[in-house]
Structures are given as C-alpha cells and as structure tokens.
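To start, the structure under review is shown below, and the notes come after it.
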Amino acid sequence: MLQSFNSTNSSMELSSSLTHFSKKLSDISFSSSLSPFPLQLYPQPSKPKNLRVLAVAVGPSQELPRNSPQRLLKELAHRKKATAPRKKVPPKRFILKPPLDDKKLTERFLNSPQLSLKQFPLLSSCLPSSKLNTADNTWIDEYLLEAKQALGYPLEKSDELGDDNPAKQFDTLLYLAFQHPSCDRTNARHVRSAHSRLWFLGQYVLELALAEFFLQRYPRESPGPMRERVFGLIGKRNLPNWIKAASLQNLIFPYDDMDKLIRKDREPPVKQNKNRVKSEAYDRIAVILRLWVGKLMDVLYCNTSVANIYRSVFWALFGAIYLCFGMPEVYRVLFEVFGMDPEAEDCQPRLRRQLEDVDYVSVEFEGNKLSWQDIATYKPPEDALFAHPRLFRACVPPGMHRFRGNIWDYDSKPQVMQILGYPLAVNDRIPEITEARNIELGLGLQLCFMHPSKYKFEHPRFCFERLEYVGQKIQDLVMAERLLMKHLDAPGRWLQEKHRRVLMNKFCGRYLREKYLHRFIIYSEQVQDAYENNRRLRNPATTAVQQALHGLSYTVYGKPDVRRLMFEVFDFEQIQPKYV
C-alpha cells in the first residue's frame, strides 16, 4: 500500500516549461498537474533575457462615474491613509482658561449693555452681553428696514428715541430675533445667547396673550377647547404659514440659504381651492416616490429643522415686541401683520359633549363676541375695582353671589385670607370701592377652592378651571421674567430647563399643601370619600387650586401680586429658611 502511494505521488509532480517572452502573447504556455500536497518552489537565480513589461496608461481626463463602486473604494482607501493623530485634542469648551483678573472682570460687567438700563431691568437683561460689532451692524443696515416695513413700524432708527422710552432698544432686539441657531451670526456667543433668551420669553408672552383673548371672546367655554384653539394658531406646524404670510421668510433665510430648503418651504402658500383634495393626493404619491429614491429621511429632517427655526424666530420676535411696546402691540402683530383668524377651520376645537350653561355672563359679554381690537385697546376706568376687570368678569361668573354667607364664607375664608395676606392695602377715593373689591375677592377665593366635582355638571362655570387656565399662563411668564433677571449670562435652553423643573405640577401642589390650604378645597361627597382613602388622588386638585390662586391675584391686583404669592408666600424658588 505504501509503495503504490509513493508511485502515485511521483507520477503527479508539477512540471512547467518556462520560455522567454516572444513577440506574441499567445506563445506563452503553461502545463501543470495538480497534487494534493503543498509544494515548495524555489525561484531560479538566473533571470530570463529579453523580458518586456507591457502597461496601459489611462488619461487623467477620464474620471470614474460619481456613483461607481471603484471610485467609492478609491476614496475610502484614500481616507484610510490619513490617520488621526494619536493624541486627541480636547474641544475648546473643555480647555481651562485662566480666570479674568478683577479689573478686566469689572470692565466687562460695567461695559455690558445688560447693566445699562436701570429703569427697565427685564429689557436690560434681554440685551446682548457685549456690544454689537461690525458684522452685526452690517446685517442691521442690510435687512432691518425690510423687517420693520413688514411688521408695520416706522423706518427711523430707534436709537434716536429718549432714554426713558423702552422702544429705543427695538432695533437691537429685532436684529437678535432673526438670528436663529442655523444662521452664520450665531457663532458669536452674545448673539446666540441673546436670541435664545428672547424666544424663551416670547413663548410665554404668546400663551398669556391668547389665553386672555379666548377667555374674553368665549366667556362660556371651558379651557379644553381654548387650548386647542391656541395650538391651532401658534402650533409649530402652522408657524411657517404665518411667517410667509407676513413676507418674513426671506429675512430668516436670505437668498444664499434658499437653496438649502426644499421647494415646498421656498414657495409662498397657495390659496385653498376645490382641487385641494386632488393636490393632496399628488403630494402623497410624491412622498411614496421619494421613498424609492431614498430621500424621505432628508425631507423629514429638513421639515423638522425648518419648523424649529421658524418657531424660534416667531417666539423671539414677540419677546422683543413685548419688551418694547407691551401686550397691545402683541395683539396687533398677531392678528394684523400675520393675519391670524380665530374663526379659521384649522383653529377650531374638536367636537365634544357640551354641558348646558344656564347661568348668566357679564353684560359686556352677552351677545357680543369681542374682537382683538376690543381687547388690545381696552383700558379699565379710573375707579375700577380690579387691575383687569373684564378678565375677572370672564373668569368669575356673576352667579357666584349666591354663595355669599355660606359656611365656607364664614369658616374658611378668613383663614385663607390670613395665610395669603389678603386683602391688600389699596388707596381708593371712595371707601365703597374697597368694600366691593373685598367682597368680590372673597367670592373669587371661594371659586378657586371649588372642585369641578361639586357643581360643574349643573353649573359648568362654577369651578376653578378658567381661573386655573389664566393662572398657569401668568405663573409661567412671571417665573420666566424672574429667571431672566436673575441669570444674566444663561442661555435660553438652560433657562427653559430650569423653568420646567421649578414649575412642575407636583411642586406647585406641594407648595399649597405646605401652607395647609388643601384643607379648604370644596369637593363632592363621593370624591371626598375617594380622596380620604387615597391621598395621591388629590394632588392634581391641589396643583389646580395653586394656579387658580395666581389667576385670581392677577385679575384683581395685577402681576406684582402674583410675584408676591410665588416668591414670598409660597417660596417657589425654595430660598427662604425652613422651620425646624
């Protein structure tokens, strides 16, 4: 057996004839026989003569197609050659810099525009941390007149106004409002931070303005449909349409950035017609086609980023208008410049079961649907009982007088007023005005503690829901103003997170329970029994009562009393000493 194997192996040797290269390539021949064992071949020391090397040169002008695999592999190999350095350099924000000495730090703070206005601390806190440079003034000279013309403001420079006029800083704030995070000027820290602080303030200004508008326009409606109306007007999906309606999209995206947008965002909105359904069907087909070409993710990303940019500019714009001109100008720009229609089909709430409201409303609301002009131009009379009398009448129904002299009025109201520090000392011309205000304040306090389970099904407005709605909005705005003035160097996103953590619902209810005010909430018997067995069920109710108290203090005494309740009585910032 071994001999036969050796004979077989000797017959299967590799044999090759190596000849010199001839003129024809076909003269080269190879003959081989394969062997199952590995063979070791040693090269011959002698080199063949007359050896020719043939090569084909490709012209440099011939380039591979852009999507060819050979080109992609070549680029990949070229990139692999450039190896990263062994020692990674940390980002600039992590590099420790030597602290400024006292002299430079003092000069930096004293020269900051944020400390230049003593009469308007909130406006001063929203100015940039350093003075505008040449690049900022170039944008102002090129685009600011167009922005003013679109918004309906005079074209003269605001710097010519007096120092006692907050509108003197309008040019600076209007410039900062258009410097969204995707533009070139946001590389400068003072521009980026100032823009974010403006949109942080503007979002709560818009929420409060529309809350007051819808509460007075619809005096019988519950807050649920109102929130849907507000979302329909200033929701993120509709903001690009309002920006284009005011012809401001060219200022947000100048001509050199327009190519980065998709076609739908570059073109102005088209009026709706009968062929709308057919065009929407074509749009759906186009989206399906984009799936096949692999561009759907790019389109979705572009839509999201553009909507976020429009939202930041929109909020910052109203933050600047509120700081310089106040709330009436916010209404004018909303409904006149941007053309918002509260009766549009897109802004209507969904259909729901409505409870029959048999109670009266104030005389000024009966059969009269107020417009934005009525709310923007309204000025309370000199001998008015409240800081916002019409808003108070929209939240506290006249039928609350039937609860005067009940058990809660005699037993609980004095304790509640003592804890909250009511009534406040107000200098009135006539003593009867003070007495009438105190009576209405007591009825409003009873409404703040009236849970919906008690009377809502028979009398839909005899609960704290409408006061809670306006109180939530004024609470957000007051806290935003407080954080802006307290943290001058903080960007808007940090303030947003701080704002959210301070005003969480569980904390608002906790502040009320710390004052033992939850004992005075008026429940129905069934709900009272359920809350006694499970105390966690009452926590949302305590939060709502807390916000309703802020709404009542805003309508009766104004925004200063909301600050007093939040930061002195309830200690929202948690900086007061605690009793041990």
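Every value quoted in this text rests on a predicted model; they were computed, and no experiment measured them.
- Each of Phe314, Trp242, Tyr331 was checked for a ring-ring contact (aromatic ring centres under 6.0 Å, His included) with Phe338, and the lone residue meeting it is Phe314.
- Gln348 meets the side chain to side chain donor-acceptor pair (under 3.5 Å) test with Arg229; sequence neighbours excluded.
- Around the CG atom of Asp163, the shell of radius 6.0 Å holds no more than 12 heavy atoms that belong to other residues, nucleotides or ligands.
- For His459, the ring pair (Phe, Tyr, Trp, His ring centres under 6.0 Å) partners are Phe462, not counting sequence neighbours.
- Side-chain N/O atoms of Gln179 and His195 include no donor and acceptor closer than 3.5 Å.
- Partners of Asn165 according to the side-chain contact (heavy atoms from CB on, under 4.5 Å) rule, which considers only residues two or more places apart in sequence or in another chain, are Leu161, Ala167.
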Side-chain polar contacts of residues 375-395 - donor-acceptor pairs under 3.5 angstrom, sequence neighbours left out - could you list them?
{"from": "Thr377", "atom 1": "OG1", "to": "Gln373", "atom 2": "O", "distance (Å)": "2.5"}
{"from": "Arg390", "atom 1": "NE", "to": "Gln216", "atom 2": "OE1", "distance (Å)": "3.0"}
{"from": "Arg390", "atom 1": "NH2", "to": "Asp374", "atom 2": "O", "distance (Å)": "2.8"}

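- Residues passing the salt bridge (charged side-chain N to carboxylate O under 4.0 Å, His left out) test with Arg350, sequence neighbours excluded: Glu228.
- With sequence neighbours left out, Tyr422 forms a side chain to side chain donor-acceptor pair (under 3.5 Å) with Asp561.
- Remark: Arg501 pairs with Glu497 by the salt bridge (charged side-chain N to carboxylate O under 4.0 Å, His left out) rule, at least two apart or across chains.
- Aromatic rings of Tyr204 and Phe200 (six-membered ring for Trp) have centroids within the 6.0 Å cut-off, being under it.
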Open item on the list: Run the salt bridge (Lys or Arg N to Asp or Glu O under 4.0 Å) test on Glu212 and Lys473 for me, step by step, so that the C-alpha distance in whole Å, both residues' side-chain angles and the decisive distance to 0.1 Å come before the verdict.
Closed with: CA-CA 9 Å; Glu212 293 186 18; Lys473 304 308 176 185; over 6 Å; no
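- Looking at Phe335, Tyr218, Trp372 one by one, the single match for ring-ring contact (aromatic ring centres under 6.0 Å, His included) with Phe213 turns out to be Phe335.
- Aromatic ring centroids of Trp494 and His487 lie under 6.0 Å apart.
- With sequence neighbours excluded, the residues that form a side chain to side chain donor-acceptor pair (under 3.5 Å) with Tyr153 are Glu329.
- Here Gln472 pairs with Arg227 under the side chain to side chain donor-acceptor pair (under 3.5 Å) rule; sequence neighbours left out.
- Using a 3.5 Å distance cut-off with no hydrogens or angles, the side chains of Asn539 and Arg510 do not pair a donor with an acceptor.
- In terms of the salt bridge (charged side-chain N to carboxylate O under 4.0 Å, His left out) criterion, Glu525 has no residue partners (sequence neighbours excluded).
- For the 3.5 Å distance criterion, the side chains of Gln546 and Glu468 fail to qualify, holding no donor opposite an acceptor.
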Please tabulate, one pair per line, all N/O donor-acceptor pairs under 3.5 Å involving side-chain atoms of residues 440-457, not counting sequence neighbours.
{"from": "Glu440", "atom 1": "OE2", "to": "His401", "atom 2": "NE2", "distance (Å)": "3.2"}
{"from": "His451", "atom 1": "ND1", "to": "Ser453", "atom 2": "N", "distance (Å)": "3.1"}
{"from": "His451", "atom 1": "ND1", "to": "Ser453", "atom 2": "OG", "distance (Å)": "2.9"}
{"from": "Ser453", "atom 1": "OG", "to": "Ser524", "atom 2": "N", "distance (Å)": "3.3"}
{"from": "Ser453", "atom 1": "OG", "to": "Ser524", "atom 2": "OG", "distance (Å)": "3.4"}
{"from": "Lys456", "atom 1": "NZ", "to": "Glu465", "atom 2": "OE1", "distance (Å)": "3.2"}
{"from": "Lys456", "atom 1": "NZ", "to": "Glu465", "atom 2": "OE2", "distance (Å)": "2.8"}

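- Judged as a salt bridge (charged side-chain N to carboxylate O under 4.0 Å, His left out), and not counting sequence neighbours, the contacts of Lys559 are Glu481.
- Counting heavy atoms from C-beta on, the side chains of Ser129 and Arg189 come closer than 4.5 Å.
- Ile234 places a side-chain heavy atom less than 4.5 Å from the side chain of Met340.
- Side chain to side chain, Asp571 and Tyr511 fail the donor-acceptor criterion of an N or O pair below 3.5 Å.
- Here the two rings, on Tyr523 and Tyr531, have centers that are under 6.0 Å apart.
- Between the Trp315 side chain and the Ala177 main chain, no donor and acceptor come within less than 3.5 Å of each other.
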